[in-house]
Structures are given as structure tokens and as C-alpha cells.
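To find a chain, count down the sequence lines: A is the first, B the second, and so on, and within it residues start at 1. It should be emphasised that the depicted structure is a prediction, and the values quoted were computed from it without experimental measurement.
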There are 4 protein chains.
Amino acid sequence: MHFLQIPGPTNVPHRVLQAMARPTIDHRGPEFAELTLDLLPRLAAVVQTGGDVVVYPSSGTGAWEAALVNTLSPGDRVLAFETGHFAMLWCRMAAKLGLEVDLVPGDWRHGVDPGLVAEHLTDETAAVMVVHNETSTGVRSRVPEIRAALDRAGHPALLLVDTISSLGSLDYRHDEWGVDVTVGCSQKGLMLPPGLAFNAVGPKALDHQGRLPRAYWDWRPIIEANHSGYFPYTPPTNLLYGLAEALTMLEEEGLAQVFARHDRHAEATRRAVRGWGLEVLCADEREHSSALTAVMVPNGFDADEVRRIVLERFDMSLGTGLGKLAGRVFRIGHLGHFTDLMLVGTLGGVEMGLRAAGVPIKDGGVQRALAYLEGGA
Amino acid sequence: MHFLQIPGPTNVPHRVLQAMARPTIDHRGPEFAELTLDLLPRLAAVVQTGGDVVVYPSSGTGAWEAALVNTLSPGDRVLAFETGHFAMLWCRMAAKLGLEVDLVPGDWRHGVDPGLVAEHLTDETAAVMVVHNETSTGVRSRVPEIRAALDRAGHPALLLVDTISSLGSLDYRHDEWGVDVTVGCSQKGLMLPPGLAFNAVGPKALDHQGRLPRAYWDWRPIIEANHSGYFPYTPPTNLLYGLAEALTMLEEEGLAQVFARHDRHAEATRRAVRGWGLEVLCADEREHSSALTAVMVPNGFDADEVRRIVLERFDMSLGTGLGKLAGRVFRIGHLGHFTDLMLVGTLGGVEMGLRAAGVPIKDGGVQRALAYLEGGA
Amino acid sequence: MHFLQIPGPTNVPHRVLQAMARPTIDHRGPEFAELTLDLLPRLAAVVQTGGDVVVYPSSGTGAWEAALVNTLSPGDRVLAFETGHFAMLWCRMAAKLGLEVDLVPGDWRHGVDPGLVAEHLTDETAAVMVVHNETSTGVRSRVPEIRAALDRAGHPALLLVDTISSLGSLDYRHDEWGVDVTVGCSQKGLMLPPGLAFNAVGPKALDHQGRLPRAYWDWRPIIEANHSGYFPYTPPTNLLYGLAEALTMLEEEGLAQVFARHDRHAEATRRAVRGWGLEVLCADEREHSSALTAVMVPNGFDADEVRRIVLERFDMSLGTGLGKLAGRVFRIGHLGHFTDLMLVGTLGGVEMGLRAAGVPIKDGGVQRALAYLEGGA
Amino acid sequence: MHFLQIPGPTNVPHRVLQAMARPTIDHRGPEFAELTLDLLPRLAAVVQTGGDVVVYPSSGTGAWEAALVNTLSPGDRVLAFETGHFAMLWCRMAAKLGLEVDLVPGDWRHGVDPGLVAEHLTDETAAVMVVHNETSTGVRSRVPEIRAALDRAGHPALLLVDTISSLGSLDYRHDEWGVDVTVGCSQKGLMLPPGLAFNAVGPKALDHQGRLPRAYWDWRPIIEANHSGYFPYTPPTNLLYGLAEALTMLEEEGLAQVFARHDRHAEATRRAVRGWGLEVLCADEREHSSALTAVMVPNGFDADEVRRIVLERFDMSLGTGLGKLAGRVFRIGHLGHFTDLMLVGTLGGVEMGLRAAGVPIKDGGVQRALAYLEGGA
């Protein structure tokens, strides 16, 4: 059994794979409408919204684009924060689509500093783009404090939040936190293969129609067709089967338990990392991600060589260092369908791989994780 | 066993469903690169091109958008033909994206008249949009003759062709027919569930970068990343597994045999329809689709009532009449994974359903199909 | 899609195949006990007994052996009837196990004649062996009348009944009909692959311990272990998963509807056969099987050649003529997971195959079946 | 993901589960014959015999019975050794079938002592029954030395060997070791669900027809039908699909590598056990099983309570103590489809479970296993 411990795609549970292997049905028939009408409110519950969730046949990247083209107009200014590789890619997309990006620089070891939000807002700022959980760094930004900063400033900018690697793994509250558009996808906490992406859309965002051209990504025809259980274009039926099953699994465990499990696994992982005498990339205790941990390798060692050895000798995939972190970190994904014993195996593989790669580490990393996990849920 | 005889999604073969249920792998690992590098040329062989094929995680509708936004600029004029519901939807999309559409009206019973192409071209025509096989009508347009008309006119407009419901079922030759952009998808002749769409891109189209904003749909970063076997954003791994298996099935049967099989089944279907004393919607013998047959119900009868009865009593889904054909036709899909005996069952269900709905038909429709099919491949 | 129209194994529904692909669990753990305790009474309901049903990891042949070795002693006399190939095989097994078989000869076109039972009983007759539905001939024996004959004779012989190809397809009532041991298996009406076999055991049979040696087949340790949800040896977990799903399907449709469906399909098949001008093997109207139809080919034609052509040209498997019927009949299985349209496809394939093999048939066989099926459920 | 670490059934690989979910085919058709003729020699290669292997639809228990009833006659004497629970069950079966069993007592911590074989042979000894790998104790008997003892004694008794939990995991050589009948099954080293069992049959055994009654288990009709690729009764098609896939996996890894992997995992497990300060049940260094390890819990603790906690808190199934070992040992299965990281997770779960159950253990068991595994294959 391969250990797929990149921070997404994650290990797809057997029952989700099987659900996806059911025969495809008529997307205009009555059975399909039942599927949609059952599915959408259950998905909204994971985003913790009472509003609309739009499902796209696309990668998460598509839902980034959808969030922008549905709300903004050519030349609009957006405020963004350099929290890591994916925050930068989203900025690059915004620029390609004709938006002006005000980028607050960062060191890739911290989340968005809520204290800096107000000073970077301008009268023309149309939207603020925040990555909730940076998949490239394992750093979580504090969305409620960012919301509070906007509120204190009385600024009308839309708040757009990427939850690609947090949705279904970390507590995230679209409505309570006052987010306008949430961006999510299938292959992380939702335990599905890639191929589905989401926008949760608040009422303010829905009213705020921009003039960027859009057709495929247009929310409104989708939301309208969804009311009767259908889609304006052919929906990805078999991925939706998988989504229904994945939601059932989340419901069976309970969202609170799911979040607590991720917190526990992340804490155990950090204890192992520190036990090895290595450093976690995230530099602020308040911002640790419970979905993944980026581990810094000592100077003079190549993180990708560690990953290569771990893949070859122990059949485990770890996440590579992206962008300016290439070679300097590897990332351990501990999100989605994951258990204590899978984590123990994962950490064991990392410990053995580090040693095999000649990285000098201290004894007892896995042992510390075991000691913590023993405490139980 | 449900008979899914809409003209797509089609009956997904068991082995394709199973291929899709394999565990998801690291999309940045060596095994993934092997998958991509094996897959793309085999897909290109189905489109009959030696050039690039771009694969999107999206519905076919996304590939329509991709064809437009990669090549055209705001305000460009495109020439289109009212051959049916989907041709009209593609026009509507072009307009939403900011293009000027010159639409040649049609009666939904004929394909594009190649003789009319030249007279509707203008100096500003940037592209000609053609639907190869109209899924709403069962009419096939003669692409080579359209190409010849453009060549005779010496006009530089790009030729964009939708093969959504023909690719993998009807003979289609991207290179030989001089098509610039081909639009295709997974859930018809390629025997997959919905969720993948394609653009085959000729060299002229690749050079012809328009100024419409684009990010997700941008061909160039995808083509570049594909060279090493990867994608610029997370690809839909499990649908790609299914695609590899579906291509293997097409290769095992042989494309020529696949096309011949579809021709045989379409001819048998038309013989049954005429045997019942009913009329096929397609009005030109040269333009019959081998992928589906739209059947007109006599005045005073509701095609959707026939479909409802067939679904309830015989567990078969037929295609509904779309747009202005609503209630007047039903569509029999005979494309993708389909055999003689599945066709006999399908036609038997239609015959019984028509009788149960009180539509006056003559005896012997199925019998005529049997007599034709007996002749063999 | 292959048409598997032999009289078993039958077409296994997709959801049963998927149920069987679930991960195997600990056969001594609590989850396993729940599975067993849920399953056994539901299986008993199909056999229509309130008593014990013993499940073996074995072919149906194993359950034949179990019925004999649990109840009889070396040298015991059993009364059997030559109704076809499988009745003869069961007799041969009885002889191999050391029993004395009194065989009433037959012509393979009739079931057991209840009127002959009494005269063949002797004082030493320990058991009467009856095949409810002869899979080799498509003839059904009238078990209640055989029971009545035994009762009228006041004879204490055990009544052992083979329901291999009737269980789950034809009405069969273990308790009401006074059967002592019922023999069944998985791959026919129960819609599973081969690998499971059953004995339903009445109280008289349970008391009647014979002295034939037995270990694997011994009912008593199994029944005892089953009380707590376990088995005395490792049970075939994944086939049991499939059985649970198959029982759910039978329950969803309702046993009465399942039996009525089989009756309808059998009648439609016989109308087709007679429409072709051919003869059904079963010679008594009261004894037609609703699970399969054996069709006689005219002298001078080889039924296996028809089967070979049907397999090659139309990808359908039909049942061969067994024993002394080799080459003279082919058998159409219409049992298990089967629908009207699958039947229409099946009959279409037979009609085309007969013509292709040069067998002189009349027009309109399929047409007659359609006319009958139109009448509805 | 559940960790199924009982010593069988083992974790069935995903690709084997999927292979089993393929549609069932006609067991009398040409495709089936190809399957059989491909499968049997590949299975024989795992048993390391050039002779016949008979495949039964049954549990392993059935293959025990087959080995006896094919070769022995009522009242024959067999020599057996009390090496554990399963050796005792096999003896009990022999007695039930009417054989006289000479049992050499044992302490369940040692294998068969080859030095004792000669003195327990009598002139009437018809067969010697040996369990190669006792699944209840984790002790392996030295079959070649037992063979040598028989040879030295010049005794003609048949050598019957149970490889239920060793076949496909431990090196086992039917021909080279002079075994007459080998008994095996599907759900251990062969990585399948339960439901298939095997006899490898040497020429001496084939000649040695006993007079015990037999029908289902009779080798000869099966071997004869197998020559043309068929079976005398309906074979368990879908389990055979799984077997073909499992054999492919063994061939891909290579038998020598498979055995070496099991040896490594067993050694790592023992190091962990000793690291915890606990005792392995097997008392002779030459007899450690590489398929499973039975761990003794200190007096005053209940092994089943450890197992219960491990199941509840860490979702792992461990093997229970059987027979007179109940409550005193638990068994860790490390056979079949298993990797280094699965082992690390397994040992981590055991360590945490022991602590949670209050069993006093020393630190560092898992750590020792890691240190050993780091050394690599």
C-alpha cells in the first residue's frame, strides 16, 4: 500500500473510490435531481454556510478564477498577501485576468498579519484575497481577525478566501467569519480525487456582478438550475457520487471530531519533527496548519533527495518544496482520510528516510509522537 | 440493468469504471509523468492529429470557452450556423465573452450548408464555428466541404469545430480536414463519465493568441508542462485513469471498426424508425448522424410522455427534445460502448414505449433492424 | 457488454460486484458477527423457512453432498428420478458416497411424476431426492404434489430438494411444502458469482443424524457457531458481502414481484420460440421453468454451432446441451438480474444466430415476445 | 483505513479486490479455459511443484479434508503432532472421518521435533500430518528434517503438510522437500479473501487412493477436467480472477523478495517485542514464523483486553489467543500484502495499546524496529 502523504490529493477512501465506480446516469432525469438536491446543502454544511455553494467540474484553480470573474471588473484593484507559493499563483492569475494587484510581501513562514490589512486598503480596493491554509508552507491565516480589521476600517471590499487545503480538515466558517467568496476543491479534506471545485457565495458577492467576461464560471445560471436539481452543462456525475459518499463519512465522524483529529495529528507531527531536532517552517505558534507540516532540512541537505529516498525505499510520497522553498523543505500531508496508525507509519517513514539520506537527526521523534497519540482523542 | 440511451453521457464500460477506482497518486511524481506521456499521443490519435491536445478538468462547455478565449480578442467577429440547440448555446457563450456573432439561420434539420459559407464571410470574420455532430438533432455537418469553401475563398478565419458527440464515434480528422481547434469531451464516444474536456490545437491557432483574458483555459502553460508529463494545476487523476482504459478499448477494437459499428447501428435504428412509420428529424441523407437518431413523434403526441413511459416501464433513458424541439422529438443515443444486442433491446424498448404511449405505429420496426443487423459487421 | 444468458452463473449486478470488493474484515470480530446475524434470517426468508440455513464456502455440488452426509448412513437407500443431467449427477454422487440409489427412469422432458412416487418407495427408502428445477432441461417438478404423495403413503423418508437454479427465481416454500433439506447456491437467482452454497435444514433432518463420515459439511458446529454470528472455519467474507447486497435487491423488488418477473420473461421466451416454429424441450405445460428455456433445434442442425455463432457474432453466451441432449438443445437463461430489455436483446441475438446458422425459422419470434411484454408487469 | 493484522485473512490489495469485481463469465466457454490454463501452473510455481494443484471452492478446512479422504481408508492410522490449535483441529477432523490418530503431545511453543518422528512411526502409519506454520503460535516446523527422518526410517507413510498460513509468505518447496500432499488456501500469503483452498498432489499421493467416501473433494475428476481448462462443477470464477491478479503481484515482486520481506518484517517485530520487554511465544530460534508473531502478555493481564483496546482506539484487528492460549497471547499478522510503513503503524498501535491497557512495557520497541528496518531490504 502506497502512503500518499502529499498535502493533496490525499488518500481516497475505498468506499469513495467505489462510489465513483457506479454507473453514470442521465443528468436530466429525476434520479439526478435527487442527488443534487441532497448533496448541495450537505456540502454547504461543511463550508458552514446557509447560502449557495457552486460546484464546478474543474481543478481548484478554476474556482480561484470563478471567484474573481464573477465579482470584479477589468482594472479593479485587489489586495493580496505573499504568504506562500499558492498565494502568489492566485495573484498571478488575477493579473492575467486584468486586475491590479496590491501585494503585501511576506517571508513564507507567517500568515497574513491582520494588523497590516487596514494600512494596505485603498479607496479602490475591490477585494481582499486571503489563503486560509497555505499548502506550500503549512501556515494558517487567521481569517476572523482579517474580517475584524476590514470591519474596523469600515471598508466595503469583498473578502475572498481560498480554503483549498483546509476545507473539511480545519474549522472554517464562511457565514460566521463574514467571508464573501470561499474557494474550495475536492482532493484534500474532502477525500476525493481531483476534478471538483467549489465557490461558496455570500449575498454581497452575489450582488456584486463585475464586468469581467465569464460564461463557464458564471454563478447565476448554475445557482438557478441547481434549484431544480440540475446544472446548465453536463455535471461530473461520478465525482458527485464520490462527494456524496465523502460527505457521509464526514457526517458519520462529525465535523468537530474531524477537526480535532487533524489537530491531534498535526501536534503529534510537530513533536516528532522537534524530536528529530528539526525545525517546522511555520514560525508562529498561532498559525500552525493542522492539515500539513512543512519541515526544514538543515543547510547542505536537499529536501528532494530525502523525498526521493522515502519514495524509493518506503513507497511514500511527500510534498516537495515549491517556489523559493524548493530543496529546502519537504511537506508531510496529514489531512483527509487519515488515522493514528497511518500517521505512525508516515512518521516512521520520514525518520528512516532522513537517516538514509544522511540528515543528522536525534533519536526518538516517532517515540514522542507515540507518547502524544497514546493520550487518545 | 439500466439502459442509458441518451446521446451522452453514455454507458460507461465496467473496466473503465474500475480503472477510475484505482488509488489516486502524486501528480508531481514519476509515475504520473509516465501516465501523461503515454496518454496524450493516444488521445491525439483519436482526434487524428499529430499536434497538441490539451486536456481540461471540465465539462465540454469549458472546452468551447477555451477554444474562444485562446484565439480571439474582444469584439472579434465569428461566423456561426444555427444547426441546433448546442450550436445556439455556443453562440450565446461567444456573445457573453464579448464576441460579435454572425449567425446563419437554420431549420434544425440540416447541417451547415457549405455552399453558404463563402457568402457569409466578411473581412473581419476571425473564426468560423461549426458543430460537427449536433447532439440535439442527430445531424452531421460536412466539415471537409466547409474547409474547402474557406480555402476557395482564400479566407484566413480560424475553423473551430465542436466534436462533443462525434469524437470516438464518427470518423473525424483534425489534421487532414484542416481544422484549427477541435473541441471534445469525455462522456460520449470516449465512454467515460463527464469531467474531462479537450482542445486539439493546430499550429495556426497556437500562433493566433487573442486578447481575451484567460488563465485556467490558457493552452500554453498546459502544453509546456505536458512536455515533461505534468500539468500546471492539479489534474483529474482518476478520470485520466479511465481515459487510458477507454483508449485501450478503442485501440483493441480499432478506430475503423468503431466507426463502422456506429454506422451499422445508426442504419439499423433508422430502419426501425421507418418501419414504425415515423420520421427521422435529419432531413438530408448525407447528414445522418451515426451517434444518435432524433425521432419525430406525430402531431398531438408528446415525446416527453413517451420518454417518461419508457423510463418507468422499461428502465431506459432516452434523450429529450431540446430548445424548440421540446416535446416534438426524442433522441436515441447509440454511441460509445454499445453492441448489437444492446441496440436490439433499446429498439424493443422504444417500440413498446411508443405503443404504451398510444402513438400509432406500424408493426415490424424491430424486425427490420434485426434483418439488417443479421447481415453482420 | 457481454450477454451472459447461460442458466447460471447469471449476470451479477454492478452493486453486488462492488459490495464484494469491500476490504475483508476480521472474521472473529464484532463487525463480522453483525453481518452474519443480519444475513442468515434474510436468506432464510428467500427459502421461505423459519428454520436454519447453513452457508458453505463451496459450489452447489458441495451442498448436494452436505444434504446426504448429514442425514444418511452407508448403504441407505434413496429414491431418485431421472429428470435430467443434474438429477443424474446427484445420483452418481450418492452412489460414490456409498448409498443405494433407486432410480426412476425418465425422458428428460418431464419432471418427477408425483403419481409414481408411492409405488417406488420401499420400506428401506431413507430419502427421496428431487430436483426442483432441472437446469439441463428447463423442467420444473411439482414439489408440493410429491410431498402429498409421501404423506398419503405415510412414509417417513426425508425429502431432499435441489433448488440450485430455482432459489430466488421461482416460488419455493421450504416450510409450507414440507421439505426436509433444501440445496441451493449463489450463482443463479441470488445473482452472485459462484462460491457459496446452502442447505436449509428442517427439524426432522436435523434430528436424523446419519453415520456417513463428515467434517467440513457437518451442519451442527456451523449452526451452533452461527448463533453468535461466527463460523467454525474461515467464512468467505467477500461473497457474504455480495450476498447481503443481493438480498437487499431482492427485498427492494419484493419476492412476489421477482417471481412474477421470471414468469413473464419465461412466457415471452416461449412465445418467441414458438414464433420461430421451434419446440421447447419441456413437454408438460404445468412444468415449464421460469428460470430457463431449453430450445430444441431441428434434426440435422447442431445446437452448439448455433451457440458458437451467437457467441462470436453477438457476444452472448447460451447454455449448451448437457449429457444426452448434447447438440440437440441450447438453453436460454432468463433468471437472476434480468430486465425486459435484456430479454429483448437476448431473443434478438437468438433469432439472428439461428438464421446465421442456417436453421429454418419463421419470422416474428421477437415480435411476439414484444407484443406479450408490452402488456406490462 | 482499518489495519487488519490478524494472521489471515490479510489485507487484500486494492487491485485484487478490483480484479474480483469483474463480470462473471461462462465457466464452459473458451475464455474460461484460457483463465484456468494460465492460472494453474502459476499457482504450482508458488507451491514449488511441477505436479498438479487442485483448487477448491472452499475454506482451507476443506483442503484438510480433501488431503485425507483422497488418500486414506477407514481405520487408517495417522501420526500427528500437537504443535498448536490448528494441528489439534486437523487431528479432530481426522478422527471424525474415521481415522486413528497417534498424537505426539507438545507445549505449543515448539514445532514438530524431527528427532521424535521415527520413534512414533508404526508399521500401520499411513500418513504423517504436519502443520508447516502454526497460525495459532507463530512457530514453523522444519519440514525438510521431517522428510529426512522418514527417509532414514525407510517408512512409506505419506507426508501431508498444511501450509495454510505459510504459502506465498514463507519459502516452501513441495517437490524438493518430498511432500506428498500440500494443503493451502487463499486468504493469507496469497492476499485474497477466503473462499479458495488448494491441494498440491505428488505422484505417490495420486496413486494412493484410499477407500474413504469422497465426491466433492475427489482429485481425479478435477485434475482430468483441468487438462482442458474446465472444472467438474461450477468454479468460483471471481475468486479465480483475484487469484490471477495476486499471482501477478507475487511474480512482479519475485518469490525470493517476497520471502525476504516477510523475514525482515518478522525480525523487526521480534525486536520490537523484546524492546518492550515482552516474550515471543515461539521458544526455538530456528522455528520463528515469518508470517506472524504471537506475543505473551505478563501474568495478570488479559491479551484480549489489549486487543479490544487496540481495535477501539486504533482501529486495528490483532489475532486472539486460541485454545489453551486464550487470554495469554495476542498475535500480530505481518504476512501477505504488507509494507515497512504498514508494519511501523502496526507496531505503533501495539505499543500504544499495551500502554493503554496498563501492561508494563519498556520504552523503545518501535524505535528498535525502525533501527532494524532502516537497514533496508
Heavy-atom pairs under 4.5 Å with chain C - which of Leu239(D), Leu212(D), Leu97(D) has more of them than the others? Leu97(D)

Among Val16(D), Leu311(D), Val69(D), Leu17(D), the residue with the most heavy-atom pairs under 4.5 Å to chain C is Leu17(D)

Highest number of heavy-atom pairs under 4.5 Å with chain D: which of Gly195(C), Ala19(C), Ala21(C), Ala197(C)? Ala21(C)

Let's test your reading of the structure: which of Pro213(C), Pro57(C), Pro23(C), Gly319(C) forms the most heavy-atom pairs below 4.5 Å with chain D? Pro57(C)

Heavy-atom side-chain proximity of Pro236(D) to Leu196(D) below 4.5 angstrom: yes

Any side-chain heavy-atom pair from Phe3(C) and Val310(C) closer than 4.5 angstrom? no

According to side chain to side chain contact (heavy atoms under 4.5 Å, CB included), who are the partners of Ala303(D), at least two apart in sequence or on a separate chain? Val297(D), Phe330(D)

How many angstroms lie between [atom1] in [X] and [atom2] in [Y], if you round to the nearest 0.5 Å?
| X | Y | atom1 | atom2 | result |
| --- | --- | --- | --- | --- |
| Cys185(C) | Leu190(C) | SG | CG | 7.5 Å |
| Met129(C) | Leu72(C) | CE | CG | 9.0 Å |
| Leu39(D) | Leu243(D) | CG | CG | 4.5 Å |
| Met342(C) | Met316(C) | CE | CE | 11.0 Å |
| Leu99(D) | Met93(D) | CG | CE | 10.5 Å |
| Leu335(D) | Ile6(D) | CG | CD1 | 9.5 Å |

Can you tell me which portion of [X] sits under 4.5 Å from chain D's heavy atoms? Options are side chain, backbone, both or neither.
| X | answer |
| --- | --- |
| Ile25(C) | backbone |
| Leu4(C) | side chain |
| Leu322(C) | side chain |
| Pro74(C) | neither |
| Phe86(C) | side chain |

Below 3.5 angstrom, are there any donor-acceptor pairs between chain C and chain D, and if so, which atoms and how far apart?
{"unit_1": "Ser59(C)", "atom_1": "N", "unit_2": "Tyr216(D)", "atom_2": "OH", "d": "3.0"}
{"unit_1": "Ser59(C)", "atom_1": "OG", "unit_2": "Thr234(D)", "atom_2": "O", "d": "2.5"}
{"unit_1": "Glu65(C)", "atom_1": "OE1", "unit_2": "Tyr216(D)", "atom_2": "N", "d": "2.7"}
{"unit_1": "Lys96(C)", "atom_1": "NZ", "unit_2": "Asp218(D)", "atom_2": "OD2", "d": "2.7"}
{"unit_1": "Tyr216(C)", "atom_1": "N", "unit_2": "Glu65(D)", "atom_2": "OE1", "d": "2.7"}
{"unit_1": "Tyr216(C)", "atom_1": "OH", "unit_2": "Ser59(D)", "atom_2": "N", "d": "3.0"}
{"unit_1": "Asp218(C)", "atom_1": "OD2", "unit_2": "Lys96(D)", "atom_2": "NZ", "d": "2.7"}
{"unit_1": "Thr234(C)", "atom_1": "O", "unit_2": "Ser59(D)", "atom_2": "OG", "d": "2.5"}

Could you tell me which residues satisfy ring-ring contact (aromatic ring centres under 6.0 Å, His included) with Phe32(D), sequence neighbours excluded, listed by chain and number? none

Would Leu192(C) and Val12(C) satisfy side-chain contact (heavy atoms from CB on, under 4.5 Å), going step by step from the backbone distance to the final call? CA-CA 6 Å; Leu192(C) 287 161; Val12(C) 181; 5.8 Å; no

Tell me, side chain or backbone of Pro30(D) under 4.5 Å from chain C's heavy atoms, or both, or neither? side chain

